[in-house]
Amino acid sequence: MNFLSPTSLFLFGLALPIVALYILRLRRRREPVSTLMFWEELFKERQTTSLFQRLKHLLSLLLQLLFLMLLVFSIARPQFAFITKSARQLVLIIDQSASMNAIEEDTDGRTRLEVAKERALRSVDGLRFMDEMTVISSHTQPVIHIPFTNHQKSLREAIHAIQPTDISTNLEPAYDLAHAIAQTKPNPEIVIFSDFQSISEGLLAKLKSKTEQVGDTEEPDPGIKRHLIQIGKASDNVGITQFRVRKSLVNAFDYQTLLRVVNASEAEKKFNVELYFNENLFDVRPYTLAPGESKSEIFSNFAFEGGKLKAVLDIQDPLISDNIAYATLPKRDLIPVLLVTAENPFLQKALAVDEQIQLTVLTPTEYETDVLPNGANSQVTKAYQVVIFDRYSPPSLGDGNYMFIYPPAVDASETATSELRWHIGAALETPIITDWERTHPILQHVHLENVQIGTAYQVTPPSTAQVLARSFESPVLFIDVKPNRKIVFAAINILESDLPLRIAFPVIIANTIQWFQQRSEILEYHLHTGEVLKQRIDSIDAISELGLKTETDSPESASKLVKITGPEDKTWELPIEGDALLFEQTLRAGFYELKVSEAADPTSAEEQPSPEASDATEANSGTIWAVNLADAAESHIGADPAVEDLTEASVAQSGAALLRYPPWVYLVFLAVGLSVVEWFLYQRRRID
């Protein structure tokens with residue numbers, strides 16, 4: 001036995017004045033009396049009871065000394081070796097994955113997670129004074145909510161702080177973390193609260209094994225006790241396991257949405273699938289699924305320009321979070337394209353057939369009259385995302401995306417600028433396309449065998465160019481990419497070839513437009529719960545171009561913030577680092593809307609951004625991401641049969657109930673009880 005406060009033992013010195021008070025004899029006073037008859041009788045009684053009188057004083061002294069001893073020992077706080085050795089270190093793992101949101105019939109409307117937290121609180125109540133506990137929550141990644149402590153209030157607050165999520169289940173990382181922590185303790189115990197609806201083979205092997213694999217060798221498990229507390233029972237459930245949007249293969253402005261539903265039940269289920277666009281119901285379809293059956297269906301003909309799409313299963317089952325799925329329909333903006341040509345009906349038809357293109361046709365004279373006087377870098381030029389020059393070379397060229405089709409040779413002395421850095425040579429004799437880059441995005445799904453070409457010429461591209469097609473050794477199609485400019489050059493006169501009569505021609509034109517846009521498909525704003533949301537903030541460059549201060553202009557400029565509004569109107573405000581945003585709080589399924597704003601700068605309160613800059617900021621705002629559970633394994637909310645023999649009904653509590661408190665507490669109660677006994681004996685005149 002040892003003491004946490006051994007210096008308190010010096011308080012035993014208080015026994016000396018207590019003993020001295022009992023030994024001290026008071027001097028009697030002399031008083032004259034009229035008779036000694038009564039004193040003689042009293043003296044005879046005292047002689048017969050003198051031993052008892054001495055015992056009464058001795059018993060009172062012993063009670064006082066014992067009371068002092070108990071108080072001093074309680075202040076010194078004794079510790080016993082057998083108590084210290086029996087102390088436990090509990091590691092609680094609470095599953096907070098999506099399946100733990102299921103509501104059982106016999107739990108009064110509570111979710112499995114709420115039941116698990118209640119049982120975890122019971123474990124806290126069962127802690128003894130020498131026990132310690134740490135709390136870990138887990139879905140796919142573990143989180144330590146509180147380190148080892150025996151402070152029950154802090155442990156309860158940590159358990160109450162665990163919130164439900166819609167993320168898939170993977171308990172193995174949490175178990176590995178708990179095992180690593182437990183190995184550092186003398187009497188560790190790992191307690192897992194979960195429905196165990198999904199358990200990996202690796203974790204199952206670790207739970208059943210008595211040894212732990214370390215590298216290439218096996219080491220004995222250092223006496224770690226494991227308790228698996230199963231929450232919930234097997235239940236019937238129906239869930240959406242996939243809900244994705246893609247570009248229609250038929251209509252450039254239409255979408256195709258794939259919906260997959262699974263019946264994870266042992267009985268046939270009949271229900272309706274309801275589709276909502278911006279919270280307005282527009283389609284209802286009946287479903288009948290046999291036990292274990294899944295059904296996939298494609299929805300199309302969406303005449304929308306962008307918005308929120310939601311699929312809802314009209315059915316009552318334990319798990320609600322997989323009955324709703326979300327998708328975003330991106331806004332399909334038209335691509336403004338300028339065609340500068342004297343006359344080329346084939347090229348105009350190829351561009352007009354693409355419904356994504358907003359085509360403007362100008363003659364070279366109109367281009368030089370209406371566009372060039374405003375400057376090559378003017379807003380008029382930037383209004384067109386792609387400019388195509390057909391058999392024409394402009395006198396000047398600014399930043400942007402340009403396609404040249406058989407332009408005439410231009411003398412460098414006649415060109416105001418030196419942007420046109422290729423050399424046009426002599427005509428090619430009987431040109432044919434002998435080789436082309438089939439994997440390049442511009443020439444994907446294109447076959448150029450036996451294309452008859454009447455007129456083409458030799459061209460020497462810049463050193464930075466990439467040749468895409470050749471006629472023997474002569475390039476006939478190349479691209480030149482610069483930081484602010486992209487050029488596609490074709491050395492073929494398409495009016496004197498059969499290329500416009502082939503399917504390859506409109507495909508090449510469409511691929512070129514898409515290559516200029518740097519995407520071949522729609523931007524899909526879709527994530528699974530728990531994934532990191534990554535978003536480029538393109539409005540930063542636009543704000544800088546319109547004259548608003550940025551970090552590169554002044555170190556005191558206002559920082560940029562992104563406000564994210566998620567499910568249940570929960571909001572976050574995050575600063576933008578560089579031009580990208582990383583957001584990892586996608587714990588619940590639903591829509592996440594991003595809006596860019598400028599943080600207020602108190603040092604420049606008088607400076608306000610221009611209306612044009614505000615419009616540019618808003619243009620990048622309102623991006624909506626759809627976050628879904630969409631996990632077939634999570635929709636099967638029954639327990640994995642492989643862990644049935646490992647689960648237990650409750651956490652085993654070791655040790656006597658009296659050891660729940662430190663020894664000094666019991667000593668104080670004993671001292672209080674002893675004082676009550678002394679009071680009783682005094683009142684009964686058993687002691688003086």
Side-chain angles (χ1 to χ4, degrees), residues 92-120 136-143 159 162-175 191-204 207 228-243 260-267 269 289 291-292 294 313 315-326 527-531 567 586-590 627-644 646-647:
L92 263 61
I93 301 176
I94 300 178
D95 184 3
Q96 59 173 164
S97 61
S99 62
M100 294 293 288
N101 296 325
I103 299 176
E104 300 290 333
E105 295 180 356
D106 55 349
T107 58
D108 299 328
R110 294 177 299 168
T111 64
R112 291 179 176 179
L113 178 60
E114 292 172 343
V115 175
K117 291 165 65 174
E118 180 183 350
R119 293 199 179 185
I136 300 175
S137 66
S138 175
H139 34 75
T140 55
Q141 296 297 327
V143 176
I159 293 173
I162 298 176
Q163 299 297 320
T165 70
D166 293 329
I167 305 178
S168 302
T169 306
N170 185 8
L171 292 174
E172 187 169 3
Y175 177 81
V191 186
I192 305 176
F193 297 91
S194 174
D195 54 8
F196 300 104
Q197 60 85 29
S198 177
I199 185 168
S200 63
E201 295 182 359
L203 177 57
L204 186 62
L207 294 175
L228 276 62
I229 312 303
Q230 181 178 347
I231 308 297
K233 301 178 182 178
S235 301
D236 292 344
N237 185 57
V238 178
I240 299 174
T241 60
Q242 192 170 7
F243 193 53
R260 180 175 297 159
V261 182
V262 64
N263 179 16
S265 308
E266 297 181 356
K269 296 293 182 180
L289 297 181
S294 63
L313 303 184
I315 189 173
Q316 296 291 332
D317 57 21
L319 187 60
I320 300 176
S321 56
D322 66 348
N323 291 345
I324 305 176
Y326 308 88
L527 290 174
H528 287 286
T529 50
E531 290 185 341
T586 56
L587 305 180
R588 302 305 300 266
V627 178
N628 288 316
L629 171 61
D631 190 336
E634 208 69 19
S635 294
H636 291 75
I637 59 176
D640 193 323
V643 298
E644 290 182 357
L646 299 175
T647 57

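None of these values were measured; they are calculated from a predicted model. Just the heavy atoms: all of them, side chains too, but no hydrogens, waters or symmetry mates, feed the values below.
Between I637 and P318, the shortest heavy-atom distance links the atoms CD1-CB, 3.8 Å. The two atoms that bring A174 and I93 nearest to each other are O-CD1, 3.7 Å, heavy atoms only. Residues A264 and S635 come closest through the heavy atom pair CB-O, 3.6 Å.
Remark: T165 OG1 to L587 CG distance equals 6.5 Å, nearest 0.5 Å. Taking CD1 of I136 as the reference point, atom OH of Y175 lies at 12.0 Å (rounded to 0.5 Å). Here the straight-line distance linking atom OG1 of T140 with atom CD of Q96 works out to 9.5 Å at 0.5 Å rounding. Expressed to the nearest 0.5 Å, how far CG of L629 lies from CZ of F243 amounts to 14.0 Å. Here the CG-OG distance, from D631 to S168, works out to 3.5 Å after rounding to the nearest 0.5 Å.
A distance-only check finds no donor-acceptor pair linking the side chain of T241 to the backbone of A630 [under 3.5 Å]. Not a single donor-acceptor pair under 3.5 Å links the side chain of D195 to the backbone N or O of A639.
A donor atom on one side chain and an acceptor atom on the other are found under 3.5 Å apart for E634 and T169. The closest side-chain donor-acceptor pair between D166 and T529, if any, does not fall under 3.5 angstrom.
Using a 4.5 Å heavy-atom cutoff, the side chains of S194 and L171 are in contact. You'll find the side chain of L319 reaches within 4.5 Å of the side chain of N101, heavy atoms only. Side-chain contact between V261 and V238 is present, with at least one heavy-atom pair separated by less than 4.5 Å. Taking 4.5 Å as the limit, some side-chain heavy atom of I199 sits within range of a side-chain heavy atom of L207. Side chains of L289 and V262 form no contact here, defined as non-hydrogen atoms less than 4.5 Å apart. Counting only heavy atoms from C-beta outward, the side chains of P164 and E114 never approach each other to under 4.5 Å.
We find that E104 and R112 are joined by a salt bridge, their nearest charged nitrogen and carboxylate oxygen being less than 4.0 Å apart.
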